Amino acid sequence: MKRLHWVDYGLVIGFLALAGALTAASPVFLTWSNLMNVARQVSINGLLAAGETFVVLSAGIDISVGSTMALAGAVVAGVGLAHGFALGGLAALLVGTAVGLANGLFVVRFRVPAFIATLAMLGIARGATLIYTQGRPISGLPESFLFIGNGWLGPVPFPVVLMLATYAAAHVTLRYTAFGRYVYAVGGNARAARYAGIHTEKVLYAVYAIAGFLAAVGGIVLTSRLASADPQAGVGIELDAIAAVVLGGASLFGGEGSVLRTLLGALILGVLNNGMNLLNVSPFYQEVIKGAVILFAVVVGNWRPRSQGQFKTGG
Amino acid sequence: MKRLHWVDYGLVIGFLALAGALTAASPVFLTWSNLMNVARQVSINGLLAAGETFVVLSAGIDISVGSTMALAGAVVAGVGLAHGFALGGLAALLVGTAVGLANGLFVVRFRVPAFIATLAMLGIARGATLIYTQGRPISGLPESFLFIGNGWLGPVPFPVVLMLATYAAAHVTLRYTAFGRYVYAVGGNARAARYAGIHTEKVLYAVYAIAGFLAAVGGIVLTSRLASADPQAGVGIELDAIAAVVLGGASLFGGEGSVLRTLLGALILGVLNNGMNLLNVSPFYQEVIKGAVILFAVVVGNWRPRSQGQFKTGG
Amino acid sequence: MSLLQVTDVHKRFPGVHALKGVSFAMEAGEIHALMGENGAGKSTLLRILSGAEPPDAGEIRLDGRPVHFTHPRQAHEAGVRVIYQEFSLIPGLSVAENIVLADLPRRGWWVDGRRVRSLARAALERLGVDLPLDTPAGQLGVAQQQLVEIAKALHGEARLLIMDEPTASLTAQEIRNLFQVVRQLAAHGVGVIFVSHRLEEVMELADRVTVLRDGETVGTLRVKEASPEEVVRRMVGRAIGEFYPQRRARIGRTVLRVEGFGAPPVVTGLTFELREGEVLGLAGLVGAGRTETAEALFGLRPHAGAVWMRDIAREEWRRIPLRSPRDAIQAGIGYLPEDRKQSGLVLRLAVRDNMTHPTLERYLAAGFVRRGKEAAAVRERARALAVRTPSIDAVVENLSGGNQQKVVLGKWLEISPRVLILDEPTRGVDVGAKVEIYRLIQEMTEQGTAVILISSDIPELLALSDRLLVLRRGRLVAEIGREEATHERVLALCSQGVGA
Amino acid sequence: GGGGAGGGSESGGQGGGKKQVTVGLALSTLNNPYFVTLRDGAQKAADAAGVKLIVADAGNDLSKQTSQIEDFITQKVDVIVVNPVDSDGIVPAVQKANDAHIPVIAVDRGVNGGKVATTIASDNVEAGKMAAEALFKALGGSGKVAELEGVPGASATRDRGKGFDQAVQANSGIQVVAKQTANFDRSQGLSVMENILQANPDLNGVFAENDEMALGALQAIKNAGKAVKVVGIDGTDDALKAIKAGDMVATVAQQPEWMGKTAVEDAVKLAQGGSIDQAFTAAPLTLIDASNVDQYLK
Ligand SMILES: Nc1ncnc2c1ncn2[C@@H]1O[C@H](COP(=O)(O)OP(=O)(O)OP(=O)(O)O)[C@@H](O)[C@H]1O
Ligand SMILES: Nc1ncnc2c1ncn2[C@@H]1O[C@H](COP(=O)(O)OP(=O)(O)OP(=O)(O)O)[C@@H](O)[C@H]1O
Ligand SMILES: [Mg+2]
Ligand SMILES: [Mg+2]
């Protein structure tokens, strides 16, 4: 995947420029404690974005990840309080995966456009969460469960370890397993993939299941981090997850992108939020500045020698 | 466009099934006053979705329409109160168009993926709205201005007339003008469009400008309808606008779809909301039912004789 | 003064110096052929002439005036018309709209729908074909799409007509019609640049031929004064001996039996056998249903009837399921589709990925792809097929057409098929590579692979096949042995009772 | 502008008797436990009176709320209870109800126009001021304070922020070092607080415009091992527990349940032909801190 070279390079420059500016502007930015702080804040969107990367690579889109996360977060708390958190976690992961498989079912079997199928699921999972929680946060979770979201492994927060492990696994899966290679094939040209004997349907089921599963992991981390399950958790977070993926250079048209660059995308978004808070930028101006910085980072990141990819538009 | 035949047909069936069910379930549903009620409620999302259709047909996406609408809504109120509403309206339309052109600039000139460019713009326009309004609604608008959002032309609410006129114009533009054909060409095969001598850049500028312009029209209608400009207007409405487009059968990959079907998509969403309220469905269940009904409508709409479009997957 | 004068044109892509100083000239009214191996730089040169890409250096003069096209629009306005090698239609627009897209007739703001159709119909009539004007181009078959691409270039007033392998997917009749139109245009003073890998077409149509090799002009010859051998020698830098190989595979036992087979509703009632080492040719006109037959045999579309294969280990016949291509691959069937861009390749992926898609499992160790082993195999295969690519990690999209075809072929050789279905395998492939492919078919059959060959190139079909099945409108109309098969006979069988 | 077709006469409420009374409750959002509690209060009162309650959730979207009220009018509900997303923006919808002769009651937030039978609301400016003053008192009148703001541009954000600003002006020892939005959301309260603590390790107090953000901030403070005093507004169950546990200083309870209940009781009165004399009922604001938290904990 040589062609992606410049994208890589550019985005790293954009990221470093941003980090450099923040280091200059705030004395605390480049401290270990703040960096870990940012990493922990990124971890939840990072988990969702990792799953979203699979879907986007397959030329799909999943906008239900935020709701799925909330549902799984409620399930881990509810089931956990009733039957213990091992079971709670398992139940949450199962629910997340099931939601993903349902998305896959509608996309594959009933040929519902992914945007619509997952939009419907966004509503269904959110409704299910509200019904399950009666619209109230589930709190009173035991200290032991809070480790997942708040604990440290040595100098690194546990959610960060979890996120990094997920990215490592996702990267290896996408690059070194047959399934991973099939994801690119299906996303690049579903027809040619089918002609090459790839079971495109199975691949699609799998990518949505992975997105659902990782959304559930995110939900568990979030519930643990907040020591409560918020039925309104993750409203609108799908935009952040997709933004991380696309910022990382993946094409919404499928077949192009890398999960490591998604991580970079998620980090850029996280650093941006952190920087705004550190610099105490007025909330009214934050959105403007964030938008401007994202554009700047991408424009810098896009710079490359002439005559490449000149037909790329949209997407 | 023969191939779209079945989509058309199916969606209409889905829509009629939905309307039939609601007629049976609620005595008020099929009354003129309720139908006009629904139509008026649909009008704002309808305006946004009409613009979004141009962008999606060109293989792009615009998620900034909600913020653009809010900004234009604030401008018409602010400028209107200071300098009269003719000028206010003009200023709002200019601002909306300018936002759209800025989106086009980043997509075309700086090759920023449309999702990212318009995501950044979503933030920028929202921030600009907050700054302009100081985070407060602008109210105290004169009665004369309120006609746009609340008046009637005979038995039909004015916003509905506006929406229908917009759709008529959009349909005619897309089907019967060279520009409209170019939109399909650019979205269907950007390279081939360029090879055919089409100035693809201009076409892309134009579609984003149209989306911005129509978002501004939506903002004016909304401000008039609410007799105040709400700085938080239209948060998240981009999903509704895109949903209407995709529900109408347009492909997010570009080149395929029709604005009249977008209207049908918007109507389905509107009727669904109206029906939920009429039937007094508990808010927690509404999302679930809405999601389920959308899936059902699309699955019914998707039914078609075997062996067509078998390689279509994804979004 | 020449109509077109190209002087010392250079073009580089990352990792590839595609044009290294190309020069040639042509006159108005001349039909000028460009020949060269796959990847020689023909399409790149033509894209520069049409304003689709800027040259890095060099000069282009049209009617003696230097031109600097920065957009295809400008070339179009200067009277340059192009049939691109790449798919250049808009799938969602109608056939008529595609044909006149470059200058949509308008009345004020409006597209003049009536004139769109009448102009498009005129262009199609010129070509002697009848296509549904209102059907979206995306719904047509490959051959019909190619006709639309040609009609597109014939519409309007051309000064210079550029055709990049226009005949690759056409039938003999369509090619004849096209040539007639081209000659008429030339007679009216239009300059024509014609790219084809079919030497006999070039010899028949062109006045002069310029040969490119490795991005350089080797020379320009007068066709009347040159022999085909001479052209080929200049192209590939050496003489090519025997074009078609001598068939000498030993035909063995029956491996495949097909009974009452069909791809409803297009093809019905096929019964035939296939033997080890045999090349079975499928002849037929476009639309006869050969591709459908192949697709059904490969599990790509629902089939009727039964397919049996001999189980090697147990020496018994086994009815094979064909629910998906996976089933077919598992049974040892490979399929090289006729449309490599849409069905054969994932264009955005690398040579490596494309080549190992059906066989990835082979490189797994503990569930992970051993990339080193994979790379070695792919490199070996690419070398054996002489695929011209900067590396196996190069994106397939950037390879020249012929090299793309070799990648698809390599993919199927990887599975070591017992039955290999080749649908137009030499479409767009240069002479040298064609000979390579013929040699490959020869080698495979020697090792016992049975081949089903679909080709619209009848001489090729005759030379390679041991036996021919002729399809007409989805029915098997004849089975003829190698000895009885002649060009005339096959053509007659194909077209009997089929209205022109 | 006039209403649609269809005269309202055939269903006009001819007194009580057999006819089922229907009350439409248009809530700004159910995204927040505060409003869920308000709805529960309303539901209890409706059940007690035997009337039908239709609940609509606008998800904080003003135009959606306008549509929902239009739908109520179409359905000819007897009374509309509205908890406006925005006091100004809801006016046209209220006027439409006025035109259709359906009485309107405002709850939690007022309506700045049209005819409203009565308003049962708490004063958000006052609530902000009370919470801020409780914080400043706990800080001994001086210290560095951060403000966690709600959704920018939302009316609760404005009003509570205004109360906070008033309290700050009255307390010269207080220095506001950070003013950041966390969108009324607990997880954002956590993240934003973490970041603020990085920049201001010597922070003394946090004023959160709702309890959800306060609880998120609390989590951040706990994780950082700091001793920062936190106040919130709303009086949600989790906040009361945190006060009881000594983690949180105070919250200002606005008694949503009572408001919901009172609004529906008034609605029933109106539907049965009665009238309400009081145009404005201020819901009592209660400062809940360690001293009185046991009274409110369920
Ligand atoms: N966009 C591109 N990026 C990188 N390399 C390219 C690009 N386009 C063409 N090339 C390379 O330039 C060389 C010339 O390609 P070109 O398509 O002009 O060959 P051709 O003579 O038309 O071959 P064919 O007969 O197979 O069509 C090839 O090596 C090809 O891989
Ligand atoms: N997507 C499609 N929709 C409708 N008709 C199609 C489609 N694809 C192919 N066809 C039609 O099916 C018929 C068979 O196609 P095709 O041209 O591949 O025939 P064939 O027998 O394989 O001939 P050849 O191999 O020479 O092209 C043609 O009439 C073609 O127009
Ligand atoms: Mg070529
Ligand atoms: Mg064929």
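Quick note: numbers below take in every heavy atom, side chains included, and nothing from hydrogens, waters or symmetry partners. So that the names make sense, note that chain A is the first sequence line, chain B the second, and so on, each numbered from 1. Model, not experiment: these values are computed from the prediction.
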Flag if over 12 foreign heavy atoms under 6.0 Å of CG, C/Asp130: no

Atom CZ of C/Arg115 with >12 non-hydrogen neighbours under 6.0 angstrom: no

Roughly how far, to the nearest 0.5 Å, is [atom2] of [Y] from [atom1] of [X]?
X	Y	atom1	atom2	answer
B/Tyr195	C/His71	OH	NE2	11.0 Å
C/Leu104	B/Tyr182	CG	OH	4.5 Å
C/Arg106	B/Arg181	CZ	CZ	13.0 Å
C/Leu89	B/Asn189	CG	CG	8.0 Å

Heavy-atom contact with chain B under 4.5 Å, split by part of C/Phe87: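 For C/Phe87, heavy atoms of backbone and side chain both lie under 4.5 Å from chain B.
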
Toward chain B, the part of C/Arg47 with a non-hydrogen atom under 4.5 Å: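 The side chain, not the backbone.
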
Minimal non-hydrogen separation, C/Val111 against B/Ala178, with atom names: CG2-N, 3.2 Å

C/Trp109 side chain reached by B/Thr173 side chain, heavy atoms, under 4.5 Å: no

Non-hydrogen side-chain atoms of B/Tyr184 and C/Leu93 separated by less than 4.5 Å: yes

When B/Gly188, B/Gly187, B/Gly254, B/Ala196 are compared by non-hydrogen pairs under 4.5 Å with chain C, the top option: B/Ala196

